Amino acid sequence: MQWLFREDRAAQSLLNKLIRSNLVDTTNQVEVLQRDPTSPLYSVKSFEELRLKPQLLQGVYAMGFNRPSKIQENALPMMLAEPPQNLIAQSQSGTGKTAAFVLAMLSRVEPGNKYPQCLCLSPTYELALQTGKVIEQMGNFYPELKLAYAVRGNKLERGQKISEQIVIGTPGTVLDWCSKLKFIDPKKIKVFVLDEADVMIATQGHQDQSIRIQRMLPRDCQMLLFSATFEDSVWKFAQKVVPDPNIIKLKREEETLDTIKQYYVLCNNRDEKFRALCNIYGAITIAQAMIFCHTRKTAGWLAAELSREGHQVALLSGEMMVEQRAAVIERFREGKEKVLVTTNVCARGIDVEQVSVVINFDLPVDKDGNPDNETYLHRIGRTGRFGKRGLAINMVDSKHSMNILNRIQEHFNKKINKLDTDDLDEIEKINN
Ligand SMILES: Nc1ncnc2c1ncn2[C@@H]1O[C@H](COP(=O)(O)OP(=O)(O)OP(=O)(O)O)[C@@H](O)[C@H]1O
């Protein structure tokens, strides 16, 4: 993950939000570490148990939420407890973190007080807008509650004071609004949320700005930090900005290669790889496939060649705007195209359940040219989801890439069989 550029992390996160239509369901257990281990630990199975204000409960149901997600079950009672408690929570993207802290902010606000009481930091302008949308939706039946966006371009007159009760923004602008411009009185903030902490610290300057903002807040302000991942650096940052925290972790669903048939095809060059790919397509019925290339250039070339052969191809490429990428993925999901050609950077973390075949047109390597096992698992692990059998085909075109493949086999202790794409009978067999 480290080699991803920081813009990619923010873009990836936004992309996931734009294309996500449901909660990511997980069967994994939640790990809870309480600040005070003697206090009773409780979780809720329904939103009613939380005794939310009726307007909020209405908002929650209007969004189609029937019951709390796994992370919400544990996080919500902690966040809503009296006196307020601090929380550091980690769970994979799509598990309901945003909805959880939005509910916490909305519950704590006193709408009669016309000044900012909740402050939420997002790593980018776009992510701030996305979270803002959730606040607006959930607060839909709470008309007296207002939201301000502290993001670039949102210019206020000097000397002005903000009357909105919730402020969401990026660290730079929020810092200016709290200190230099004094639009916000940080001493009146009751809830401070740091969203997407992992993306935040990957962005230059954000970490320091967040810490400076946090220092201006009152001691009894409730601090909440959320992250999809918990590398050491995130963890260190989290501890710096959230004193005496409760901690909740939800492990990612383990991906496995057990239900996936893996093959490799030996070729001499790019054109041969393309021919082999066409042979595979000629021999087996593929519902939908994702094809990964190492560079944008190869991805573009391959998409054009496949279209020329009559395939309906979608191309997901790095130079596209995030919204364009989301549109491409949406179309692919709907089955409008059967093949999605992409580079890794674009497609990391994107789930398309109906993909039955993954083709590594180029094997995944890190920036030093070593096998990127994590990405390999991520790419093809998806095909075997939900007990369905999947098929992964790796294209090998040099001694070097054979070496990479061998190291991948060793890493997973799994044999990847050779496939002869000139032998159509053999290809047919792999699909059964
Ligand atoms: N209790 C719930 N019941 C049904 N759907 C929910 C529930 N909570 C959240 N969702 C929906 O699930 C999706 C993912 O939720 P959310 O955006 O809160 O996840 P997240 O963990 O914050 O993801 P990210 O890490 O990307 O911010 C959203 O479409 C949201 O509306």
Side-chain angles (χ1 to χ4, degrees), residues 1 4 8-28 30 43-50 52 56-77 79-80 87-107 120-140 168 170 193-203 224-231 234 238 248-253 322 325-326 329-330 333 347-351 353:
M1 192 81 93
L4 275 182
D8 293 325
R9 280 194 107 156
Q12 189 63 65
S13 186
L14 179 63
L15 193 56
N16 270 322
K17 280 188 200 285
L18 293 176
I19 60 176
R20 186 162 39 233
S21 44
N22 314 92
L23 200 58
V24 172
D25 215 3
T26 161
T27 49
N28 276 343
V30 182
S43 65
V44 288
K45 294 288 175 208
S46 74
F47 286 111
E48 277 87 3
E49 285 174 70
L50 293 166
L52 298 168
L56 282 183
L57 199 57
Q58 213 180 343
V60 168
Y61 287 140
M63 287 179 82
F65 299 0
N66 297 322
R67 55 189 173 76
S69 72
K70 199 98 179 201
I71 185 99
Q72 290 164 0
E73 281 178 9
N74 295 282
L76 283 170
M79 287 194 284
L80 300 177
L87 174 70
I88 296 177
Q90 175 262 328
S91 76
Q92 112 190 48
S93 157
T95 47
K97 297 189 293 296
T98 307
F101 71 71
V102 168
L103 205 51
M105 289 200 292
L106 291 174
S107 300
C120 174
L121 296 187
S122 280
T124 66
Y125 174 87
E126 292 80 8
L127 287 165
L129 296 195
Q130 286 301 316
T131 304
K133 267 193 206 158
V134 180
I135 300 174
E136 280 167 14
Q137 261 181 306
M138 212 174 257
N140 195 18
I168 174 150
T170 46
V193 178
L194 255 152
D195 191 18
E196 312 234 15
D198 47 355
V199 183
M200 197 72 98
I201 64 160
T203 310
L224 308 169
L225 178 141
F226 295 84
S227 183
T229 61
F230 247 179
E231 299 102 274
V234 179
I248 297 184
K249 286 192 219 172
L250 183 68
K251 281 223 318 244
R252 206 195 151 84
E253 202 91 31
V322 171
R325 292 191 218 170
I329 295 164
E330 215 40 73
R333 268 212 183 140
R348 185 178 268 272
I350 291 165
D351 292 331
E353 281 175 26

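Counting convention: from 1, in listed order, for ligands and their atoms alike. All residue numbers in this chain count up from 1 along the given sequence. These numbers come from a predicted model, not from an experiment.
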Margin query: Could you work out, with side chain to side chain donor-acceptor pair (under 3.5 Å) as the rule, every residue matching Glu49, not counting sequence neighbours?
Written below: Ser46
Item checked: Residues forming a side chain to side chain donor-acceptor pair (under 3.5 Å) with Gln130, sequence neighbours excluded -> none
Out of all atoms in ligand 1, which are within 4.0 Å of some heavy atom of [X]? Include the element for each.
X	result
Glu196	27 (O)
Arg67	1 (N), 2 (C), 3 (N)
Ala99	8 (N), 9 (C), 18 (O)
Thr98	17 (O), 18 (O), 20 (P), 22 (O), 27 (O)

Item checked: Check: Ser69 side chain, Thr95 main-chain N or O, donor-acceptor pair, under 3.5 Å -> yes
Note to self: Strictly distance-based, threshold 3.5 Å: is any side-chain N or O of Gln90 a donor or acceptor partner for the main-chain N or O of Ile248?
What the structure shows: no
Next item on the list: First locate atom CE of Met79, then atom OG of Ser107, and finally report the distance between them rounded to the nearest 0.5 Å.
Entry: 9.0 Å
Next item on the list: Starting at CD1 of Ile88, measure out to CZ of Phe230 and round the result to the nearest 0.5 Å.
Entry: 5.5 Å
Item checked: Sub-4.0 Å heavy-atom contact, Ser69 with ligand 1 -> yes
Margin query: Please confirm whether Ser13 approaches ligand 1 to less than 4.0 Å, judged on its heavy atoms.
Written below: no
Next item on the list: Would you tell me which option among Phe226, Phe65, Phe47 has the nearest heavy-atom contact to atom 9 (C) of ligand 1?
Entry: Phe65
Check: How does Gln72 reach ligand 1, if at all, at less than 4.0 Å between non-hydrogen atoms: by side chain, backbone, both, or neither?
Finding: side chain
Check: What do you reckon, does Ala228 have a nitrogen or oxygen under 3.5 Å from a nitrogen or oxygen of ligand 1?
Finding: no
Next item on the list: Give yes or no for whether the N/O distance cutoff of 3.5 Å, strictly under, is met between Asp195 and ligand 1.
Entry: no
Check: Do the rings of Tyr61 and Phe47 sit parallel, tilted or perpendicular, given the 30° and 60° boundaries?
Finding: perpendicular
